[in-house]
Amino acid sequence: MKEMTIETLASFCRQYGFIYQGSEIYGGLANTWDYGPLGARLKNNFKDAWRKRFIQERNNSFEIDASILMHPRVWEASGHVASFYDPKIDCKHCKTRFRADNFISEATNGTVSAECMTYEEMQNFIRDNHIKCPVCGREDFTDVRRFSQMFETYRGTVDDNKSVIYLRPENAQGEYVNYINVLRTTRAKLPFSIGQVGKAFRNEVTPGNFIFRTIEFEQMEYQTFCKPGTDLEQYEYFKEYAKRFYIDLGLPEEKLRFHDHEKLVFYAKAACDVEYKFPFGFSELNGTHDRTDYDLSRHQEFSGQKMEYVDPVTNERFIPYIVESTVGVDRGVLALLFEAYHEEELPDGTIREVMKFHPYLAPYKATVLPLIKKRHAEKATEIYQRLSSIFMVDYDESGSIGKRYRRSDICGTPFAITVDDNTLCNNTVTIRDRDTMKQITLSLKEVAEYIGEKIKF
Ligand code: GAP
């Protein structure tokens, strides 16, 4: 059995159409990735699962879709312009760039955390412990310096009249600047939540590990606005709620853990990540943050607009506290891909590769297979068309039935529907289960309901 490393997973994804290198025909653009037909479906299903759990199934929960490009003052108010920097260090000899805190952690096999170190302390630690460049082996580094993570772009009609705007480095600000709009238009009462799904961009010092850390990625951010004093209760609730979300989608509890932040940004009261055990170690999937009234107070100060909430019972006026739950889409997809991949030895000694996704996440819910193309294709096409109006269905008529089962296993399709002479005579089909490989016979009119029940989340 092959060991599933990040490299073997990336190559598997490329081979079968989950994820390709970005701009591949031009030699690729480093750390950009394009989701292929299977990957795009998987990712969308993951986003839909989040929408269901966080928006649909929660009271007083609203989804918005804010602009990626926001007024530059937003990023001054948020603190990003002043402080969204990573500590970087360069090898003077081979010019390789490292993120200093990760560099220390990797050089010490995770035994030393630089989370609470100042830039000077990191620099001294690297020098005093004679840490060498892992690329060229030299011990000749620059000082630890600030590296802006914000991507800048420009707007303006003529070259000399351009002003800097930023690609958003997080979705959250779109939710904060729309808090008053959502409050007014929904007439919601505290606590209520605003969430959104969308792209974010960060000029990371050291992107890598396939889709784990990239410069363009997607987030599903969710802000709960609550009365001061109730925030820690909300915080504890969302820590668990996020972890449960991953478990219900198929990530085993023993491969998940909480990581409470030792060093908090000055305005945060508490922060905790859910981490998954990737082959490269436990790493962050999600974050829960008690952000106090910092964000809304700052936007009130910078925009001049009142961000107060008036309690309808007591008439008390206050700026709500915010508890944030943020989920990285691409990191979630990466964990789901690792967890889904299985190799199994069959009775004839051959190996089958199978992606055991939760059926809700599977790119296709079923594949329709005419046993003999000439005889069964017409009926199979009719079934395919009928089921396609209900959920995503694939159709495959080429090669032996065994080969077609293998292909459907690799796509992670939970059900394979075989159309044969019994379908023509009795209106029945056989349905093969991806995980057990057991087959049952169902009448045609039962198929949609049977599959519909099994793919629920
Ligand atoms: N609004 C808070 C915020 O943005 P964060 O921890 O910086 O918090 C939230 O990011 C989530 O976004 C992370 O938990 C992670 O899943 C994802 N994320 C952050 N940076 C990323 C990157 N460079 N590539 C892929 N995902 C990233």
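Heavy-atom basis, side chains included; hydrogens, waters and symmetry copies ignored. Both counts, for ligands and for their atoms, begin at 1 and track the order of listing.
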Ionic contact status for Asp86 with Arg202, cut-off 4.0 Å: no
Part of Ile215 within contact of ligand 1 (heavy atoms, under 4.0 Å): neither
Sub-4.0 Å atoms of ligand 1 with respect to non-hydrogen atoms of Glu324: 1 (N), 2 (C)
Geometric cation-pi criterion Arg146 and Tyr85, 6.0 Å radius, 45° cone: yes
Lys/Arg-Asp/Glu bridge criterion (N-O < 4.0 Å) met for Arg97, Asp90: yes
Spacing of Asp260 atom CG and Glu262 atom CD [to the nearest 0.5 Å]: 9.5 Å
Atoms of ligand 1, numbered as shown, that sit under 4.0 Å from any heavy atom of Asn286: 14 (O)
Ile211-ligand 1 polar pair, N/O distance under 3.5 Å: no
His289 N/O under 3.5 Å from ligand 1 N/O: no
Proximity of Glu170 to ligand 1 by residue part, where a heavy atom lies under 4.0 Å: side chain
Phe258 six-ring centre to Lys239 NZ/CZ under 6.0 Å and within 45° of normal: yes
Protein contact of atom 3 (C) of ligand 1 - nearest heavy atom, named by residue and atom, plus distance: Glu221 OE2, 3.5 Å
